[in-house]
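To keep things clear, I will list the structure first and then write my remarks on it.
Counting starts at 1 for both ligands and their atoms, following the listed order.
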Amino acid sequence: MSVSDTDLIQAWKQVLMLSRLEAGQTVTVLTGADTHPQTLRCAIAAASDMGARVNRLDLPPVNAEKSLSRDSLAYLGTTPLTGNPAAIAALKASDLVLDLMTLLFSPEQHEILQTGTKILLAVEPPEVLCRLVPTEGDRARVQAASKRIEAAKQMRITSVAGTDLRCRLGEFPAICEYGFVDQPGRWDHWPSGFVLTWPDEGQSNGRVVLDRGDILLPMKDYVTEPIELTIDQGYVTRISGGLQAEILKEYMAAYEDPEAYAVSHVGWGLQPRAHWSMLGHYNKETHIGMDARAFEGNFLWSMGPNNEAGGSRTTACHIDIPMRHCTVALDGTPVVIDGVVQDEQGLARAARRSQQGKDIA
Ligand SMILES: O=c1ccc(O)c[nH]1
């Protein structure tokens with residue numbers, strides 16, 4: 001369902017206010033061929049209304065001959081900024097970049113952030129942006145979860161379906177994604193609401209069993225029959241299952257890059273306004289699946305690069321896998337039990353839903 005410019009401008013103003021935009025600051029809106037016109041129109045209106053000097057930098061698409069998907073998160077690494085010093089200079093000179101194109105996991109993004117420029121990614125459809133407009137409560141919840149990760153040495157993920165994955169932690173920071181950029185040099189993604197980190201290099205071992213309803217991104221498919229992945233010293237060494245396992249394997253093999261099989265980020269979803277069931281309501285090419293990455297209580301893990309965390313591994317292939325019904329424990333203490341986040345909000349919501357479940361049986 002569409003949203004009005006009034007509502008989307010209001011949502012942009014909330015995000016820009018939370019991102020501490022001040023009158024007179026320079027905002028550059030980075031756009032590409034797939035930028036949503038209403039998102040762009042309302043971003044410019046909101047930032048201008050708040051007294052910012054607003055530029056727009058429109059860059060032509062790249063990678064078409066290589067990418068296997070139109071999803072902007074499917075082929076990572078090179079972007080229209082690669083080898084484009086003039087465009088990079090414009091973004092470095094800005095206080096805030098509104099990325100309506102997708103720079104994620106690009107070396108240029110780090111280079112720009114290091115100058116203190118803030119970057120906010122926003123490429124989901126306008127109605128998803130409005131439904132998942134971030135709040136200070138989202139930030140508090142994600143930051144509290146990140147502190148748990150920062151204090152931990154091991155993350156263990158288990159499930160009734162058979163998952164048992166151990167990740168040693170400590171080499172990389174916890175990354176908070178709460179939907180706005182309130183500090184100089186910060187990157188975030190609107191919409192989001194989850195916490196993640198990267199396991200120490202080579203220190204993930206065990207098995208992940210994808211069960212019915214778990215999600216494969218960028219394919220945007222619900223798993224319909226179990227897929228078992230074996231993880232040995234930080235790399236997926238075996239993928240077995242039915243047709244979807246074959247499709248996943250063939251997609252990854254097309255990149256011809258052993259780094260595609262490395263375990264990338266691990267973490268869990270904390271956004272109650274995001275929904276597991278949402279994938280079925282959208283044409284795959286109209287969104288990038290942030291409801292799937294952010295829904296409360298998921299275990300989100302991934303394969304591919306770790307440069308986002310400061311690691312040296314880059315690869316164009318990035319697979320995100322949000323899972324249901326997992327138990328995530330940090331040094332033996334569960335932070336998620338069977339898909340229920342073990343904080344005040346998560347437990348209260350689970351209690352309400354089980355009561356509701358009893359009523360409607
Ligand atoms: O916001 C994002 C999106 C994709 C991803 O892999 C991580 N964070």
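Taking every non-hydrogen atom of Asp320 and a distance limit under 4.0 Å, the qualifying atoms of ligand 1 come out as 4 (C), 5 (C), 6 (O). For ligand 1, the atoms sitting less than 4.0 Å from at least one non-hydrogen atom of His189 are 1 (O), 2 (C), 3 (C), numbered in the order shown with element in parentheses. Taking every non-hydrogen atom of Met290 and a distance limit under 4.0 Å, the qualifying atoms of ligand 1 come out as 1 (O). Near Leu73, meaning under 4.0 Å from one of its heavy atoms, ligand 1 places the atoms 3 (C), 4 (C).
Ring pair Trp190/Trp12: centre-to-centre distance below 6.0 Å. Ring centroids of His265 and His318 are separated by less than 6.0 Å, placing the two rings close together.
Using bins of under 30°, 30° to 60° and over 60° for the plane-to-plane angle, the ring pair Trp301/Phe299 lands in the parallel bin. Aromatic ring orientation, Tyr282 versus His287: tilted (interplanar angle from 30° to 60°).
Tracing side-chain contacts under 4.5 Å through hydrophobic residues (I, L, V, M, F, W, Y), one reaches Val195 starting from Val335; they form part of the same cluster. Under a hydrophobic-cluster definition in which Ile, Leu, Val, Met, Phe, Trp and Tyr are linked whenever side-chain heavy atoms come within less than 4.5 Å, directly or via other members, Trp187 and Val15 are assigned to different clusters.
Look at His265 and you'll find a heavy atom under 4.0 Å from some atom of ligand 1.
What sits closest to atom 8 (N) of ligand 1 on the protein, heavy atoms only, is Glu177 OE2, 2.8 Å.
If you look at His318 next to ligand 1, the close heavy atoms, those under 4.0 Å, all belong to the side chain. Only the side chain of Phe194 comes within 4.0 Å of ligand 1, judged by heavy-atom distances.
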